[in-house]
Amino acid sequence: MSAQGLPMKVPAPGLPSRVRIHEVGARDGLQNEKGTVPTEVKAEFIRRLAVAGLTTIEATSFVHPKWVPQLADAEQLFPLLGDIADVGDVSLPVLVPNERGLDRALALGARSIAVFGSATETFAARNLNRTVDESLAMFEPVVARAKADKVRVRGYLSMCFGDPWEGAVPVAQVVRVAKALMDLGCDELSLGDTIGVATPGHVTALLTALNEAGVPTDAIGVHFHDTYGQALSNTLAALQHGVTTVDASAGGLGGCPYAKSATGNLATEDLVWMLEGLGIETGVDLAELTATSVWLAGQLGRPSPSRTVRALTPPPSSASHKE
């Protein structure tokens, strides 16, 4: 929090008392960097996020390095994170695209994985080189094997609110693919607003339709991008519906390498500021988290895009010069 004790806590009715933040900065954030971040810096970033109180930190992706070269060091990074367990009860999920990715993740001891699908055919073709149904068929043995090994599985669904090639995406189309992912055995579904075009009414309509199709709210997470400045308002709409898992990226890092109109993720600091003002618990130390994003911004050589990080970080010219 700021030195003035802000934000003032003013709860609003009908909201959850606690939200679990699914931190994606180390994976979804860094995969969109033009350059490759050193493995040791990634590991230190994840350690600092854990110290700040984040308990779900997506660590990396076991995708073929040809497709996401920024995360080609997954085998080198994951073994460096064993000491995270000393920070607390921290989960380090990893993305796997197929059975080969699952093999690599399990060999290193991963206990939480995610598969990533698309609600639209064009993005499925560009991102997975498959149709939507072919991608679901590819995920089926991955999810089955993971569940048999008591590994937690998250299903990401991209383009839930709009697609840069297909335009508006019908709610019923999203529900069909989302229900298929859950029917495979996923423990959790993350609804991705990949290009940031969602608005609150659309969010409520999709969540309602998913409930009507048998997908419970407590199995749903939301993943908003801030392309049009709607990420926090969309998050609030999801909270009002009862969602308690929200994806965010420290410092607002990230986008999507396969959807060029996708800008940064919802910044974790911006989310925490709003939740603290609403009196909703997260377990996250905002000052520690902000310091982490400032540190990473220094490693990347540019300022953080998070408004909260900038507001809580005094410019160099205002720093004290006392001897």
Side-chain angles (χ1 to χ4, degrees), residues 14-24 27-28 54-58 91 93 95 112-120 123 132 135-136 139 143 146-147 151-163 169-226 230-249 256 265-266 268 271 274-275 278 280-282:
L15 297 178
S17 60
R18 187 175 183 88
V19 161
R20 178 175 65 88
I21 297 175
H22 188 104
E23 173 59 49
V24 301
R27 194 278 303 172
D28 194 13
L54 288 152
T55 56
T56 306
I57 307 169
E58 207 161 86
S91 174
L95 256 66
S112 180
I113 68 158
V115 295
F116 47 100
S118 171
T120 66
F123 190 66
V132 169
S135 66
L136 290 169
F139 300 147
V143 177
K147 296 300 293 180
V151 171
R152 180 175 172 80
V153 181
R154 168 179 250 223
Y156 274 106
L157 190 58
S158 299
M159 302 297 172
C160 290
F161 299 92
D163 179 290
V169 182
V171 168
Q173 179 176 325
V174 178
V175 170
R176 181 189 82 82
V177 187
K179 185 69 165 58
L181 267 176
M182 294 301 290
D183 287 346
L184 291 179
C186 291
D187 299 289
E188 180 177 84
L189 174 71
S190 175
L191 303 173
D193 182 19
T194 314
I195 58 172
V197 295
T199 51
H202 193 172
V203 172
T204 301
L206 177 55
L207 291 170
T208 300
L210 284 167
N211 292 159
E212 292 171 350
V215 180
T217 301
D218 61 7
I220 298 173
V222 290
H223 185 115
F224 295 118
H225 286 230
D226 209 30
Q230 303 298 297
L232 280 176
S233 59
N234 290 332
T235 298
L236 183 58
L239 297 177
Q240 290 168 334
H241 191 85
V243 170
T244 58
T245 298
V246 181
D247 296 5
S249 175
C256 176
N265 290 289
L266 168 62
T268 311
L271 173 63
M274 181 182 80
L275 295 177
L278 288 166
I280 297 173
E281 295 181 12
T282 63

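Index from 1, following the sequence.
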Q: Could you tell me the separation between the CG atom of Leu181 and the CZ atom of Arg176, rounded to the nearest 0.5 Å?
A: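 Here the rounded value is 10.0 Å.
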Q: Heavy atoms only: give me the nearest Ile220-Pro216 pair and the separation to one decimal.
A: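 Where Ile220 meets Pro216 most closely, the heavy atoms are CG1-O, 3.5 Å.
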Q: So, Asp187 side chain and Val153 main chain: donor-acceptor pair closer than 3.5 Å or not?
A: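 Yes, Asp187 side chain to Val153 backbone: donor-acceptor pair under 3.5 Å.
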Q: Tell me, do Val203 and Thr235 make a side-chain contact under 4.5 Å, heavy atoms counted?
A: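 Result no, sub-4.5 Å side-chain heavy-atom pair not found.
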Q: Closest heavy-atom contact between Pro93 and His22?
A: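 Between these two residues, the closest heavy atoms are CG-CE1, 3.9 Å.
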Q: Rounded to the nearest 0.5 Å, what separation is found between the CE atom of Met274 and the CG atom of Leu266?
A: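 Between Met274 CE and Leu266 CG, I get 7.5 Å after rounding to 0.5 Å.
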Q: For Ala178 and Leu210, work out which heavy atoms get closest and say how close.
A: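 Heavy-atom minimum between the residues: CB-CD2, 3.6 Å.
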Q: What's the verdict on side chain to side chain contact (heavy atoms under 4.5 Å, CB included) for Thr244 and Thr217, showing C-alpha distance, side-chain angles and the deciding distance?
A: CA-CA 8 Å; Thr244 58; Thr217 301; over 6 Å; no
Q: Does either side chain, that of Thr56 or that of Glu23, offer a donor lying less than 3.5 Å from an acceptor on the other one?
A: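 Judged by distance alone, the side chains do not pair up.
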Q: Before you tell me yes or no, could you show the steps for Asn265 and Asp28 under side chain to side chain donor-acceptor pair (under 3.5 Å), namely the whole-Å CA-CA distance, both residues' side-chain angles and the distance that decides it to 0.1 Å?
A: CA-CA 8 Å; Asn265 290 289; Asp28 194 13; 3.3 Å; yes
Q: Minimum heavy-atom separation for His202 to Phe161, with atom names?
A: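 Nearest heavy atoms, His202 then Phe161: CE1-O, 3.5 Å.
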Q: Are any side-chain N or O atoms of Asn211 and backbone N or O atoms of Val215, one a donor and one an acceptor, separated by less than 3.5 Å?
A: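 Checking the backbone N and O of Val215 against the side chain of Asn211, a donor-acceptor pair under 3.5 Å is found.
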Q: Mind checking what makes side-chain hydrogen bond (donor to acceptor under 3.5 Å, both in side chains) contact with Asp247, not counting sequence neighbours?
A: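 Once residues adjacent in sequence are excluded, the partners of Asp247 under the side-chain hydrogen bond (donor to acceptor under 3.5 Å, both in side chains) criterion are Arg154, Ser190, His223.
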Q: List the atom of Leu189, the atom of Leu191, and the distance in Å for their closest heavy-atom pair.
A: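 In terms of heavy atoms, the two residues are closest at CD2-CD2, 3.7 Å.
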Q: Show the nearest heavy-atom pair for residues Gly221 and Val243, with the distance to one decimal.
A: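 Scanning both residues, the minimum pair turns out to be CA-CG1, 4.5 Å.
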Q: Can you name the residues that form a ring pair (Phe, Tyr, Trp, His ring centres under 6.0 Å) with His241, not counting sequence neighbours?
A: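 Ring pair (Phe, Tyr, Trp, His ring centres under 6.0 Å) check on His241 returns nothing, list empty.
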Q: Which value, rounded to the nearest 0.5 Å, describes the distance between Thr282 atom OG1 and Ile21 atom CD1?
A: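 Between Thr282 OG1 and Ile21 CD1, I get 5.0 Å after rounding to 0.5 Å.
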Q: Decide whether Asp193 and His225 meet the rule of one side-chain donor and one side-chain acceptor closer than 3.5 Å.
A: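 Side chains of Asp193 and His225: no pair found under 3.5 Å.
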Q: Evaluate the side chain to side chain contact (heavy atoms under 4.5 Å, CB included) criterion for residues Glu188 and Arg152: first the C-alpha distance (whole Å), next the side-chain angles of each, then the deciding distance (0.1 Å), finally the verdict.
A: CA-CA 9 Å; Glu188 180 177 84; Arg152 180 175 172 80; 3.4 Å; yes
Q: Which residue is it: Thr268, Asn234, Leu271, Leu275? I am looking for the one with a side chain to side chain contact (heavy atoms under 4.5 Å, CB included) to Val246.
A: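 Among Thr268, Asn234, Leu271, Leu275, the one that satisfies the side chain to side chain contact (heavy atoms under 4.5 Å, CB included) with Val246 is Leu271.
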Q: Quick one: pull up CD in Glu281 and CZ in Arg18 and give me the separation to the nearest 0.5 Å.
A: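 Taking CD in Glu281 and CZ in Arg18, the distance rounds to 5.5 Å.
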Q: So, taking the atom named SG in Cys160 and the one named CD1 in Ile195, what distance separates them when rounded to the nearest 0.5 Å?
A: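 Answer rounded to 0.5 Å: 11.5 Å.
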Q: As an exercise, state the distance from CG of Leu15 to CG of Leu236, rounded to the nearest 0.5 Å.
A: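 Going from the CG atom of Leu15 to the CG atom of Leu236 covers 6.0 Å.
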Q: Treating Thr194 as the side-chain partner and Met159 as the backbone partner, does any N or O pair qualify as donor plus acceptor under 3.5 Å?
A: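 Here the side-chain-to-backbone pair exists.
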Q: Please list every donor-acceptor pair under 3.5 Å in which a side-chain atom of residues 112-119 meets a protein atom from a residue at least two apart or in another chain.
A:
residue, atom, partner, partner atom, Å
Ser118, OG, Thr120, N, 3.0
Ser118, OG, Thr120, O, 2.8
Ser118, OG, Thr120, OG1, 3.4

